[in-house]
Enquirer: 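Below: one structure in structure tokens.
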Number of protein chains: 2
Amino acid sequence: MGKKKHKVLVVDDEQDIVEILRYNLEKEGYEVKTANDGKKGLEIAKKFLPELVLMDIMMPVMDGVESCRQIRDIPEMKSAYIIFLTARAEEYSEVAAFDVGADDYIIKPIKPRALMSRINAHFRRELKNKENEEDIIKIGKFIIDRSSYTLHIEDLQVNLPKKEFELLYFLAESPNKVYGRDELLASIWGSDVYVLARTVDVHIRRVREKIGSQYIKTVKGVGYKFDMADQV
Amino acid sequence: MGKKKHKVLVVDDEQDIVEILRYNLEKEGYEVKTANDGKKGLEIAKKFLPELVLMDIMMPVMDGVESCRQIRDIPEMKSAYIIFLTARAEEYSEVAAFDVGADDYIIKPIKPRALMSRINAHFRRELKNKENEEDIIKIGKFIIDRSSYTLHIEDLQVNLPKKEFELLYFLAESPNKVYGRDELLASIWGSDVYVLARTVDVHIRRVREKIGSQYIKTVKGVGYKFDMADQV
DNA sequence: TAATAATGTAACAATTGGGTAACATTAAAA
DNA sequence: TTTTAATGTTACCCAATTGTTACATTATTA
């Protein structure tokens, strides 16, 4: 079973640099695509969806800053890592670079060995933080992340108190399944604590207040469920 | 705990210039040594191993070009930054200067303020492009450097005590992940030592005091996280 | 339809958890 | 050693979270 290669896009108008980077990246086992200007880079990024972009700032047709901005607008590229390659004289653009969503920049001349170790380190860290992804429920427009205790509704981060979060998380784990109040109490509050069943109602209400009332449905006489019926 | 000073060597046969530079550099917090000719400069460089050399081109005994060439032959000086100081009439030597490995040159008369900001900018760039990437976390406006136990917030260097640094580093390694007090104690203090969980709170407070309170978020009943939600 | 049961809602009370300061202890520097 | 900085502990206070109750609203059924 071959390991999945990380995808890297190199964008630079100097063909020498492109080739040096391609050579070194492929030697490290990355899957590389290249472009010679920002516009072409953007086009390739749309289809290739690289995890890392190495991009020159000064380029013909479309410069790196503008290209970067547009790459960031591609939904799948939101979490990609973008590194600018910059000549010494171009320092001015540092601020602009970070403004459009670059993650790092390196100053030419490029030292391939150092750059490779930097890139490897980046992916190593990425990997480490992927471990948390098991705790994430994506459902409809919601992302419910147990490792960070946050709820994302589209691009909005909502912070829920502990009980409310756990209630939502528990329900969302099994969409459409109806849970009685006792089950919820036992699972979320614990079977030893004694709180009134009506407490659940109040928490449901509080959750609804924050996520919108249509997602948690009441099944009269039975309990509650996280319902995805009328969601896309 | 004083910050580690960068080492700068000044070589010029005009004592006035040496003193002006020394005064300004020391005011900026650099550790300065000086010499009045290229030969002496070379000798000092061998022992002092400065990170930056400011060197006049026209000097008695050994001129700057030759001195620079030999400095570059010192293994530890390969990656030092060497700036030539040149009178306007000496422009011819520009080519020779870069040939022997100079990185930059400035034309006399020296404007101390401008030169200082140039030097400061150089060290900032150096910092951001450090070779030994493994121990460095760049996140938002923070650079957290484990190899020197320092924290940089934009251009400001902040020194954190050990525990505080490690707490910050640990949290920043996995941004947004919530860690309980026990996890933090186990990871940072070690699983064998016994300190109270509340100790974590106090250290969190001390870190917040230094980096600003908005970055480490409390998740009540759960723990703490380094939160990047409202940062660019 | 009225009567009844179930749930929604708001206001309030109780509790828990965390912030903070002050102090105590330990380690490091001078 | 003395002095200073770092770390750990404790106690008090405040505020968010949570739980409870009373009442309003809605659904269900006779």
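Source: prediction; values computed, not measured. All chains are named by letter (A, B, ...) in the order of the sequence lines, taking the proteins before the strands, and each is independently numbered beginning at 1.
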Enquirer: For nucleotides 21-30 of chain D, just jot down a letter per nucleotide in 5' to 3' order: B, S or -, based on protein non-hydrogen atoms under 4.0 Å.
Expert: B----BS---
Enquirer: Is the distance from OP1 or OP2 of dG17(C) to the nearest side-chain N or O of T218(B) less than 4.0 Å?
Expert: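 Answer is no, no contact under 4.0 Å.
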Enquirer: Distance only, no hydrogens: is a donor on one side chain within 3.5 Å (strictly under) of an acceptor on the other, for S117(B) and N120(B)?
Expert: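 Looking only at side-chain atoms, N120(B) and S117(B) do not form any donor-acceptor pair under 3.5 Å.
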Enquirer: Between E164(A) and H203(A), is there a side-chain donor-acceptor contact under 3.5 Å, judged purely by atom types and distance?
Expert: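 Not at all, the side chains of H203(A) and E164(A) share no donor-acceptor pair under 3.5 Å.
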Enquirer: Does NZ or CZ of K217(B) lie under 6.0 Å from the centre of the six-membered ring of Y224(B), at an angle within 45° of the ring axis?
Expert: no
Enquirer: Taking the minimum atom-to-atom distance to the side chain of R181(B), which one of dG18(C), dT7(C), dT7(D) wins?
Expert: dG18(C)
Enquirer: Within 45° of the axis and under 6.0 Å from the centre of the six-membered ring of Y169(A), does NZ or CZ of R146(A) qualify?
Expert: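 The answer is yes; both the distance and angle limits are met.
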Enquirer: Between P on dA16(D) and OH on Y149(A), what's the gap in Å once rounded to a whole number?
Expert: 20 Å
Enquirer: To the nearest Å, how far apart are N159(A) CG and dG18(C) P?
Expert: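 Going from N159(A) (CG) to dG18(C) (P), I get 15 Å.
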Enquirer: Regarding V219(A), tell me which of base, sugar-phosphate or nothing describes its non-hydrogen contacts under 4.0 Å with the strands shown.
Expert: sugar-phosphate
Enquirer: Can you measure R208(B) atom CZ to dT20(C) atom C1' for me and round it to whole angstrom units?
Expert: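 After rounding, the reported distance stands at 11 Å.
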Enquirer: Ring centres of F170(A) and F226(A) under 6.0 Å apart?
Expert: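 No, too far apart.
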Enquirer: Taking CG from D201(A) and P from dG8(C), how many angstroms apart are they, rounded to a whole number?
Expert: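 My rounded result for the distance is 6 Å.
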Enquirer: Starting at CG of L184(A) and ending at P of dT18(D), how long is that distance when rounded to a whole Å?
Expert: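 In whole Å, dT18(D) P and L184(A) CG are 15 Å from each other.
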Enquirer: Using salt bridge (Lys or Arg N to Asp or Glu O under 4.0 Å) as the criterion, list what pairs up with R72(A), not counting sequence neighbours.
Expert: D103(A)
Enquirer: With the side chain of K163(A) defined as its heavy atoms from C-beta on, choose the nearest nucleotide among dG19(D), dT9(D), dT9(C).
Expert: dG19(D)
Enquirer: Atom CZ of R205(A) to atom P of dT18(D): distance rounded to whole Å?
Expert: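 From R205(A) CZ to dT18(D) P: 14 Å.
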Enquirer: So, is W189(A) near the phosphate of dG19(D), with a side-chain N or O under 4.0 Å from OP1 or OP2?
Expert: yes
Enquirer: What residues, two or more places apart in sequence or in another chain, satisfy salt bridge (Lys or Arg N to Asp or Glu O under 4.0 Å) together with E183(B)?
Expert: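 Salt bridge (Lys or Arg N to Asp or Glu O under 4.0 Å) list for E183(B), sorted by chain: empty.
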Enquirer: Any donor-acceptor pair, under 3.5 Å, between the side chain of R206(B) and the base of dG8(D), if you only look at N and O atoms?
Expert: yes
Enquirer: Listed by chain and number, what are the salt bridge (Lys or Arg N to Asp or Glu O under 4.0 Å) partners of D73(A), not counting sequence neighbours?
Expert: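 D73(A) satisfies salt bridge (Lys or Arg N to Asp or Glu O under 4.0 Å) with no other residue.
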Enquirer: Measure NE2/H203(B) against C1'/dT25(C) and give the value in whole Å, please.
Expert: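 The distance from NE2 of H203(B) to C1' of dT25(C) comes to 12 Å, rounded to the nearest Å.
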Enquirer: Using whole Å, report how far CG of L160(A) lies from C1' of dA16(D).
Expert: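 These atoms are roughly 14 Å apart.
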Enquirer: Determine to 10° how strongly the helix from dT1(C)-dA30(D) to dA30(C)-dT1(D) is bent, judged from the axes of its five-pair ends.
Expert: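 Axis angle across the helix from dT1(C)-dA30(D) to dA30(C)-dT1(D), nearest 10°: 30°.
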Enquirer: Under the ring pair (Phe, Tyr, Trp, His ring centres under 6.0 Å) rule, collect the residues that match up with Y149(A), sequence neighbours excluded.
Expert: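 Counting only residues at least two positions away or on another chain, Y149(A) forms a ring pair (Phe, Tyr, Trp, His ring centres under 6.0 Å) with F165(A).
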Enquirer: Which part of the nucleic acid, if any, lies within reach of Y224(B) when heavy atoms closer than 4.0 Å are counted: base, sugar-phosphate only, or nothing?
Expert: sugar-phosphate
Enquirer: Kindly say whether the aromatic ring centers of F123(B) and Y81(B) come within a distance under 6.0 Å.
Expert: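 No, too far apart.
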